[in-house]
**Q** 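So that we are looking at the same thing, I have put the structure below in C-alpha cells.
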Amino acid sequence: MPGETRGARRCRPHRAEWNVYLLAGRTGNGEFLVVPLDSTGLETAPARRLSFAEFLGEVVAAEQGLPRWVWEDTSRLYPLLLAAGVRVQRGHDLRLCHAILRQSALTSTSELATAAPSRWDSGPAAQPEAPEPHSTLFDLGFADDGLDEDPAEDDAQAEFRRQLTAVAASAEPGRLRLLLAAESAGALIAAEMQFAGLPWCTEVHDRLLTRELGPRVAPGLRPERLEDLARRIRLELGDPQVNPDSQQDLLRALQRAGLTMSSTRAWELQKLEHPAIAPLLEYKKLARLLSANGWYWMDTWIVDGRFHPEYVPGGVVTGRWATRGGGALQLPRQVRGAVIADDGWKLVVADAAQLEPRILAALSADTAMATAGRGTDLYAGIVASGVVETRDHAKVAMLGAMYGATTGESGRLLPRLARAYPRALGLTETAARAGERGEAVTTRLGRSSPRPGESWLATQAQAQAYHPGATDADERRARSQARDWGRFTRNFIVQGSAAEWALCWMAEIRRELRLLQAPEGTVPGRSPVFTHAPHLVFFLHDEVIVHTPAGLAEEVEQIVVRAAATAGRHLFGDFPVDFLLTVATVDSYDQAK
DNA sequence: ACTCACAGCGCC
DNA sequence: AGGGCGCTGTGAGT
C-alpha cells in the first residue's frame with residue numbers, strides 16, 4: 001500500500017460543501033426531479049419537478065453558490081446542459097464514484113461494497129444509442145437522451161448517502177473525497193472537451209495525406225504511393241499475387257522467398273536483409289496512416305473544423321481514461337500538424353515530464369529519487385547521481401522497474417537502480433508480490449486493482465504443493481500466471497496514481513481557466529457556452545492542450561504550471577517532489593516538443 | 001450478413 | 001517472462 005501518512009493536510013474542505021443539489025432523475029413525463037441536500041445527503045427542502053427549461057434556470061441560478069451537482073451519469077446529462085449553453089462548476093457522478101467505492105480496499109466493509117450488485121454496478125458509461133458520433137452533441141432530442149425514466153425516486157439519494165457513509169467510515173476519507181471530486185471533475189471536463197472539440201484543419205490534413213499517399217482515391221482502392229509500393233513488393237518477392245494487407249498471404253510469400261520468420265511484425269522484418277523489406281515497411285507505415293487516420297477518418301470525425309472524440313473517464317481499470325471512436329488517444333504524430341489553433345488563438349500544449357517515475361518517488365517517499373528530479377529531467381538527474389551512465393539507461397531501467405522487466409538491458413540495470421532508490425523499487429516489488437498472491441493494491445487516493453478472476457484462482461489452487469493432481473506443467477503455468485498478475489499490480493499502483501494526479505491537474509486547470517476572460521475582439525464566430533474563452537480541448541494521460549486567445553496564452557501557461565504544483569500538493573502534501581512540465585505555446589500541435 | 005479473435009500498430 | 005489501451009483489416013465461424 002502506498003499509504004504513508006504524510007500530506008494529510010492536503011484535504012482542504014471544499015467551500016460550500018453544504019450546498020448540494022441532487023438530480024434524482026426524470027419522471028415518466030420528462031420532468032427533472034431536483035432535491036436540495038445538505039452535506040450528509042439529507043433533504044433541506046422538498047423535491048421539485050421541473051421542466052427542462054426550468055431546470056436550466058435552476059442550474060444557472062444555483063451556480064452562484066458553487067453547489068455540487070449530484071447526478072447519476074455526467075456523460076448522459078451534461079451534454080444536454082452544454083448544448084443549452086449551461087456549464088456547471090462542480091459535480092458528483094454517482095456511477096463513477098460507485099465504481100471506485102465498490103472496489104476500493106479502503107471501503108471494503110461498507111454497506112455499499114458488501115451489497116449485492118445493483119443498477120449502480122452496470123459498468124462503464126452506457127453506449128450512446130445513436131450511431132452517429134455527433135448526434136448527442138447537436139441533435140439532442142429528449143426522447144432518446146438516455147436518462148432513466150421513472151427511477152425509484154429515492155434511489156439516487158440513497159446511493160449518494162451510501163457513498164458519503166462509505167467515505168466517512170474509511171481509513172482515508174480525505175483521500176477518497178479528493179478522488180471522488182477529481183473523478184467527477186474529470187467527467188465534467190470530458191463532456192466539455194467533447195463538446196468543444198479539438199481544432200482540426202481538414203485542408204492541412206488532406207495535404208498531408210496527399211503528400212504521403214498520393215491523391216485521394218475512391219474507398220477500396222489503393223492510393224498511388226501504396227499501389228507503387230505493392231507492385232515493388234510483389235516484384236521483389238517474385239509473387240505477382242501477394243496482397244500486402246494480408247498477414248497470412250504475406251507471411252507465406254516471405255517464407256517462399258527464403259526468409260525464416262513467424263510473423264510479419266515491423267520490428268521482426270527490420271532484422272532481415274531482403275530487397276522486399278524496405279518497401280514493405282514503408283507500405284505498412286502508409287497503409288496504417290490511410291486506414292487509421294486517412295480521408296475516411298477525417299470525413300467521419302472532423303465536423304466543422306473540430307475533432308469531437310468521446311472521452312470515457314474511468315474507462316481503464318487503472319483510472320485512466322479511454323475514448324470511444326476516433327482513436328483520440330492514439331493520434332499519431334504524423335497527423336498532429338492538422339491540429340491548428342483558430343485565427344488569433346493559440347494552443348498551449350503541456351506535458352508532464354517523467355510523470356510516472358515522479359509519482360513513484362512520491363508514493364514511496366523516496367527522497368533520493370525525488371531529488372534526482374528536482375528542477376531537472378529526472379533521468380538526467382539519475383545519471384548525474386552516478387547511478388547509470390546514460391539517460392537512455394536511466395529511462396530503460398525506470399520503465400523496467402515500473403513494468404516488471406526481468407531480462408535484457410533493463411533487467412541488468414535494475415539492481416543498480418534498486419541500490420540507489422531502495423524505497424521506490426521496494427514499493428514496486430511489494431506491489432508485484434501482492435499481485436502474485438492474488439491480492440489487490442491501492443493507489444494514492446484509494447482506487448484498488450480488481451481481484452483476479454475465478455480461473456486465475458483455480459489455476460493457483462491447482463498448482464499448490466500437495467495437490468494430488470498438480471503436474472510440473474501446472475506449476476509452471478501457475479507461476480507464470482502469478483507473475484503476469486504481479487506485473488499488472490506493479491504497474492497499476494503507479495499508472496493509477498499518475499492518473500489521479502492528472503485528474504487533479506486538469507481539474508485545477510479548469511477551475512483557474514474559468515476565472516480568465518477573453519479580451520474584447522478575440523471572439524471568433526463559434527462561441528457557444530464557454531468556447532469563447534480559454535478552454536481545455538485535449539487530454540492524453542499526462543498531456544493537455546488548452547485552446548486560448550493568443551493574448552491570454554502566457555497566463556494560461558502559468559495556470560497550467562501552477563496547477564501541476566497544486567496537484568502534487570493535493571496528492572503528496574509537503575513531500576518535496578517536483579512535477580515538471582514541458583509547456584509550449586504554438587499554432588499547431590506538431591510544433592510542440 | 002453479422003460476430004468474433006487475432007495480428008499488428010498507434011498512443012501513453 | 002513488458003503495464004494500460006483502441007482501432008483496422010483479415011479470416012474463420014455462424
Side-chain angles (χ1 to χ4, degrees), chain A residues 124 219-220 222 243-252 261-270 280-281 283-294 296-297 300-301 309-312 314-336 351-357 359-360 395-411 414 428 431-432 435-436 441 443 447 449-450 476-477 479-499 501-502 538-544 589 593:
Chain A
R222 285 197 182 93
N243 170 13
D245 291 319
S246 162
Q247 303 106 294
Q248 297 180 15
D249 215 19
L250 192 57
L251 189 57
R252 277 193 297 268
M261 53 195 322
S262 53
S263 83
T264 63
R265 290 190 192 92
W267 61 266
E268 198 162 338
L269 289 169
Q270 267 154 12
L280 182 52
L281 289 172
Y283 181 92
K284 280 172 160 286
K285 208 175 86 193
L286 294 179
R288 168 80 191 186
L289 173 64
L290 175 65
S291 68
N293 298 99
Y296 181 75
W297 179 90
T300 307
W301 293 104
E310 183 186 0
Y311 296 91
V312 187
V316 178
V317 283
T318 57
R320 275 188 174 181
W321 289 12
T323 57
R324 205 144 45 204
L329 300 185
Q330 303 129 256
L331 272 189
R333 296 185 179 282
Q334 276 170 304
V335 302
R336 293 185 181 182
D351 140 350
Q354 307 95 42
L355 176 60
E356 294 195 349
I359 291 288
L360 173 59
K395 182 174 179 175
V396 163
M398 274 305 315
L399 292 177
M402 293 184 298
Y403 292 157
T406 54
T407 60
E409 192 168 49
S410 180
L414 272 177
T428 60
E436 289 169 8
V441 297
T443 59
R447 194 186 305 260
S449 61
R476 272 197 306 278
R477 198 158 52 94
R479 266 201 295 275
S480 152
Q481 180 197 261
R483 279 194 299 269
D484 286 348
W485 200 259
R487 278 194 299 278
F488 167 60
T489 53
R490 173 200 294 272
N491 186 251
F492 181 96
I493 200 162
V494 178
Q495 187 184 117
S497 299
W501 179 90
F538 193 61
F539 170 56
L540 187 55
H541 306 316
D542 59 0
E543 178 176 350
V544 297
Y589 191 12
K593 285 205 245 194

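The structure presented is a predicted model; accordingly, all values stated were derived computationally and were not measured. Each chain gets a letter, A, B and so on, in the order its sequence line appears, and its residues count up from 1.
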**Q** Has the side chain of S497(A) got a donor or acceptor atom that lies under 3.5 Å from a matching backbone atom of V494(A)?
**A**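 Looks like no, no N/O pair under 3.5 Å.
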**Q** Going by distance alone, is a donor N or O of one side chain under 3.5 Å from an acceptor N or O of the other, for R333(A) and Y589(A)?
**A**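 No, no side-chain donor-acceptor contact under 3.5 Å.
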**Q** Looking for any heavy atom pair under 4.0 Å, which part of the strands does R265(A) touch: base, sugar-phosphate only, or nothing?
**A**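 Counting heavy atoms under 4.0 Å across all strands, the contact made by R265(A) is with sugar-phosphate only.
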**Q** Using a heavy-atom cut-off of 4.0 Å across all strands, would you classify T264(A) as base, sugar-phosphate, or nothing?
**A**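 Contact class for T264(A): sugar-phosphate only.
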**Q** Identify whether any heavy atom of V317(A) sits under 4.0 Å from a base atom; if not, whether one sits that close to sugar-phosphate; answer base, sugar-phosphate or nothing.
**A**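 Touches sugar-phosphate only.
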**Q** Reckon R483(A) touches a base, only the sugar-phosphate, or nothing at all at heavy-atom distances under 4.0 Å?
**A**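 Base: the residue R483(A), judged by heavy atoms under 4.0 Å, touches a nucleobase.
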**Q** Under 4.0 Å, heavy atoms only, any strand: does G325(A) hit a base, just the sugar-phosphate, or nothing?
**A**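 Sugar-phosphate, backbone atoms only, no base.
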**Q** In whole angstroms, how far is the C1' atom of dC7(C) from the CD atom of Q334(A)?
**A**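 These atoms are roughly 15 Å apart.
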**Q** Check every strand shown and say whether Q248(A) touches a base, only sugar-phosphate, or nothing at a heavy-atom separation below 4.0 Å.
**A**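 Result for Q248(A) = sugar-phosphate.
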**Q** Quick one: F488(A) CZ to dC5(C) P, roughly how many Å, whole number?
**A**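 One finds 7 Å between P of dC5(C) and CZ of F488(A), rounded.
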**Q** Determine the contact category for R336(A): base if any of its heavy atoms lies under 4.0 Å from a base atom, sugar-phosphate if only primed atoms, P, OP1 or OP2 are that close, otherwise nothing.
**A**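 Sugar-phosphate, backbone atoms only, no base.
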**Q** Given side chains that start at C-beta, do those of M402(A) and L360(A) come closer than 4.5 Å, heavy atoms only?
**A**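 Side-chain contact under 4.5 Å: yes.
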